[in-house]
Amino acid sequence: FQIFILVLVLVDIVEVELSPAGNTLNIPAGVTSVVRTAQFVAILIAVATQDDLITAINEFNVGFNREALSGDEIGGARWQWLLSIATRFSQGGLCLSVTFILIMQSVDV
């Protein structure tokens, strides 16, 4: 459900046909240095607090361990583990992309 909402937001904020040449994301030019500094800090905070993306990368780095997942022979298969990591990574990446575009489209603080 969250991925569907993020895709709708992304479709709404990216205007391919209506944008000026080369500015598909509608990022304003000539904003003040205060706005650029605030955008930079906001992007750093967004990346640092994006839990789904960080968790997916960490879980992929740790690797699949069936013994750690199972209790009384009830555990996930490797494909389920990979699917959960892939969906968590895609959701986190999509959320971070939408956040980045929204931050960069701001014209004031």
Side-chain angles (χ1 to χ4, degrees):
F1 183 73
Q2 189 175 12
I3 291 178
F4 178 70
I5 297 297
L6 288 170
V7 168
L8 288 177
V9 170
L10 191 62
V11 167
D12 185 50
I13 61 177
V14 175
E15 300 172 359
V16 178
E17 294 88 18
L18 301 176
S19 63
N23 194 4
T24 308
L25 300 179
N26 296 324
I27 297 174
V31 295
T32 64
S33 60
V34 173
V35 173
R36 288 290 180 219
T37 304
Q39 289 172 337
F40 177 74
V41 170
I43 289 172
L44 288 179
I45 292 171
V47 170
T49 59
Q50 181 46 262
D51 189 39
D52 290 329
L53 194 64
I54 294 170
T55 303
I57 293 170
N58 185 39
E59 288 295 322
F60 189 74
N61 187 32
V62 169
F64 179 73
N65 187 358
R66 186 170 181 86
E67 289 80 27
L69 294 175
S70 65
D72 297 333
E73 298 301 320
I74 300 173
R78 184 170 176 79
W79 71 269
Q80 292 170 329
W81 177 79
L82 285 172
L83 181 65
S84 71
I85 288 179
T87 54
R88 183 176 286 173
F89 184 81
S90 64
Q91 188 271 336
L94 189 61
C95 186
L96 200 58
S97 299
V98 168
T99 303
F100 173 78
I101 293 170
L102 288 174
I103 289 170
M104 292 308 294
Q105 287 180 346
S106 62
V107 292
D108 58 359
V109 179

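Just so you know, these numbers use all the heavy atoms, side chains as well, and skip hydrogens, waters and symmetry mates.
Gln105 places a side-chain N or O within 3.5 Å of a backbone atom of Ile13 that can act as its donor or acceptor partner.
Hydrophobic cluster membership differs between Phe89 and Leu83, with clusters built from Ile, Leu, Val, Met, Phe, Trp and Tyr side chains linked at under 4.5 angstrom. Cluster annotation: Val47 and Val41 are assigned to distinct hydrophobic clusters (Ile/Leu/Val/Met/Phe/Trp/Tyr, side-chain heavy-atom contacts under 4.5 Å, transitive). No chain of hydrophobic side-chain contacts below 4.5 Å, direct or via other Ile, Leu, Val, Met, Phe, Trp or Tyr residues, connects Ile54 to Leu6. Ile101 and Ile45 end up in different hydrophobic clusters when Ile, Leu, Val, Met, Phe, Trp and Tyr side chains are linked at under 4.5 Å.
Checked by atom type, the side-chain pair Gln39/Arg36 shows a donor-acceptor distance below 3.5 Å.
Going from atom CE of Met104 over to atom CZ of Phe40 covers 11.0 Å, rounded to the nearest 0.5 Å. Taking CD of Gln91 as the start and CG of Asp51 as the end, the distance is 9.5 Å to the nearest 0.5 Å. Distance OG/Ser90 to CG/Asp52: 9.5 Å, rounded to 0.5 Å. Atoms CG and OG1, on Leu94 and Thr87 in that order, are 12.5 Å from each other to the nearest 0.5 Å. Note that CZ of Phe100 is 5.5 Å distant from CD1 of Ile27, once rounded to the nearest 0.5 Å.
When all heavy atoms of Ser106 and Ile103 are compared, the closest pair comes out as OG-O, 2.7 Å. Summarising the geometry of Gly93 relative to Leu53, their closest heavy-atom pair is N-CD1, 3.8 Å, with the distance given to 0.1 Å. For Arg78 against Phe64, the heavy-atom pair with the smallest separation is NH1-CB, 3.2 Å. What you find for Leu96 and Gln50 is that their closest heavy atoms are N-NE2, 4.0 Å. Residues Phe60 and Ile85 approach most closely at N-CD1, 3.8 Å, considering heavy atoms. Val107 and Val35 get closest at one heavy-atom pair: O-CG2, 3.7 Å.
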